Amino acid sequence: MNTEPLVSVRTLTKSFGHKVVLKRISLDIAEGEVVAMIGPSGSGKSTLLRCMNHLESPDSGCVLVGGAPVGYALKNGELHELSDRALSYQRRGIGMVFQSFNLFQHMTVLENIVEGPIGVLKQPRAEVYEHARHLLDVVGLADWADHYPSQLSGGQQQRIAIARALAMRPQVMLFDEPTSALDPELVGDVLEVMRTLAREGMTMIVVTHEIAFAREVCDRVVFMADGEIVEQGEPGKVLAAPQHERTREFLRRIL
Amino acid sequence: MSGSAGGKPCKPRQDGRGDRAANGRAAITVPDDAPIFSRRQPWTPVAAVACLAILAYIFWSLSQNPVIDQEVILEYLFKEVTLRGVAVTLYLTIVSMAVGLVGAVILAMMLLSSNWVLSGLARLYVWIFRGTPLLVQLIFWGYLGIFTPNLSLSLPFIGTLFSVPTAQIITPMIAAMLALSLNEAAYAAEIVRGGILSVPRGQVEAGRSVGMTQFRTFRRVVMPQALRVIIPPMGNQVISMLKATSLVSVIAGADLMTNMQRVYSQTYQIIPLLVVASLWYLFMVSILTIPQSWLERRYGQSTARSTPRRKVRRTVAANSRATGLVGEEK
Ligand SMILES: Nc1ncnc2c1ncn2[C@@H]1O[C@H](COP(=O)(O)OP(=O)(O)OP(=O)(O)O)[C@@H](O)[C@H]1O
Ligand SMILES: [Mg+2]
């Protein structure tokens, strides 16, 4: 077993204008670990997640995935931003699921899923289609392959979005509040898919407000506030007996 | 459901008269199968007939008018000079539109660029080419030789690479295409820009997150969705362009309108030849709207359709317990 963390955030700082959104964040995530990130609105959870696949570029510090800095090449101790092509290559290994699904509206469900593997990875079509249909089965939407996203419910769209990310066979999956745009009765199906994924050993970083999910599925809960990690640890400990007042206050409000 | 005899209203049931609701007000008894009559709109057919009558009168008086000589119209409708003009007009329209579109996409990307020099230059271009009359632009390109008798490319230290008389390169046809496509690019740039802006930012992020390069994201994700917004106004542009080609008569192009003008300046059959030209323009507009509706159907699919495109084919689920979601490779 290697003990290198799969994802390693190193003293990451990010500001928008004068507002410092991430303050020297450091965080290590091991392979196969499932981490829940919770915290009040505006605490920087999404920004941290987006830095992990370079949708945002940090002001200082970096994120390593699989030992390589995301979005940068290390040359003589300096980080140089990667070319568009190299960055795209790197992103193949990092799956992302968005709060608002962001399925390609002009493609059918199946086309959404195969677009990456065929168009980007240049994998053989037959194989990709077989894998895609298998993924559709896994997310429970095998009958919807030829529908367009606009014909699906939010919960169904989000499960397709998960399948689309999985089709790239990523090393790690990032989820940014995957269920918070959904009607309550649709949340369960999406969480069920994520539960399956966690069980199979996928490394997952999940920004969520679903405390029950964090408690039952995640290996670790990270509580963020004001751009800092206030406290982290096993869900049983952090959620049941938080050490910090801010955590207690937050949990009181959302539970 | 028992049917009442074809549309004849039933009489209310006599025995229903004495019914009273609990609150004391008289209850109305509506027969189960009471026929329904829509409100009459007696004036609509009258108006329609009146319009038809007026139209018929106009056509009749036109056909009686000696100025509109039907024989001349028929004679010139398929004459070589007309057909040549039609071909040139179509050619000018299609080429200028195509070149204009390419320019429009480039301009739109410049307009949306975060580099203010690029966006500023694009805005300047749009401002100039939309703000001056097309006629002026046509004349400018047509008489470019007056400003610069020779087109040459000179580089410092290397010297003149080539130099040719302007008139030799900028023929009336080239001048017409230049003017039309540069002008079209300015108008279409705004349409393309609007189309690109109509695609939500999340679509780009989703594309990038599955490893697409910027260009690929633009081509596979943004553009197909922007087209839905771009195509309808672009159809208008094509029609405007088709008719704008008639302006090239000022620089002696050889389009339909110029040819017709040339003929009637000698024969003085102005009205019949203008009718010939109009009939052809109408025909060409009708032809050019066919690809538009086809494209609209093609790119409107995702929202317009409510049934799946292909028959759903179920694959047999893998029997293995593990779903294989997590790849083995490292
Ligand atoms: N592109 C941006 N430009 C300017 N400010 C931004 C941008 N993105 C985020 N911010 C600001 O950064 C702060 C952190 O935002 P972020 O989206 O990371 O919070 P969050 O923890 O995900 O909150 P939420 O739970 O509401 O999603 C907020 O104050 C937000 O206003
Ligand atoms: Mg957020």
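Residue numbering restarts at 1 for every chain, and letters A, B, ... go by the order of the sequence lines. Treat the numbers as computed from the prediction; the structure is a model and nothing was measured.
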Asker: Checking heavy atoms, do the side chain of A/Leu103, its backbone, both or neither come under 4.5 Å from chain B?
Answerer: backbone
Asker: Could you go step by step and tell me if B/Val238 and B/Gln292 meet the side chain to side chain contact (heavy atoms under 4.5 Å, CB included) rule?
Answerer: CA-CA 10 Å; B/Val238 173; B/Gln292 182 189 352; over 6 Å; no
Asker: What residue in A/Asn53, A/Val109, A/Asp84, A/Leu174 has the most heavy-atom pairs under 4.5 Å with chain B?
Answerer: A/Asp84
Asker: If I measure from the heavy atoms of chain B, does A/Leu55 come under 4.5 Å with its side chain, its backbone, both, or neither?
Answerer: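 Just its side chain gets close to chain B.
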Asker: So what's closer than 4.5 Å to chain A heavy atoms on B/Arg220: side chain, backbone, both or neither?
Answerer: both
Asker: Has the side chain of A/Gln156 got a donor or acceptor atom that lies under 3.5 Å from a matching backbone atom of A/Ser153?
Answerer: yes
Asker: Salt bridge or not for B/Arg193 and B/Glu190, using N-O below 4.0 Å?
Answerer: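 Here B/Arg193 pairs with B/Glu190 in a salt bridge, since their nearest N and O are under 4.0 Å apart.
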Asker: Assess whether a salt bridge exists between B/Arg228 and B/Glu296, defined as any Lys/Arg side-chain N lying under 4.0 Å from an Asp/Glu carboxylate O.
Answerer: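 No salt bridge links B/Arg228 with B/Glu296.
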Asker: What part of A/Arg50 gets within 4.5 angstrom of chain B, counting heavy atoms only: side chain, backbone, both, or neither?
Answerer: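 For A/Arg50, side-chain heavy atoms alone lie under 4.5 Å from chain B.
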Asker: Would A/His54 and A/Tyr72 count as a close aromatic pair, with their ring centres under 6.0 Å?
Answerer: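 Here the rings of A/Tyr72 and A/His54 have centres that are less than 6.0 Å from each other.
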Asker: Identify which part of B/Arg216 has an atom lying under 4.5 Å from any heavy atom of chain A, answering side chain, backbone, both or neither.
Answerer: side chain
Asker: Please look at A/Phe104 and chain B and tell me whether the side chain, the backbone, both or neither of the residue comes under 4.5 angstrom of a heavy atom of that chain.
Answerer: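 Contact with chain B involves both backbone and side-chain atoms of A/Phe104.
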Asker: Distance-only, no hydrogens or angles: does the B/Tyr187 side chain make a donor-acceptor pair with backbone N or O of B/Ala104 under 3.5 Å?
Answerer: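 The answer is no, because no donor-acceptor pair under 3.5 Å joins these two groups.
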Asker: Go through B/Arg208, B/Met212, B/Arg201 and name the one with the most non-hydrogen pairs under 4.5 angstrom from chain A.
Answerer: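 Max contact count across the listed options: B/Arg208.
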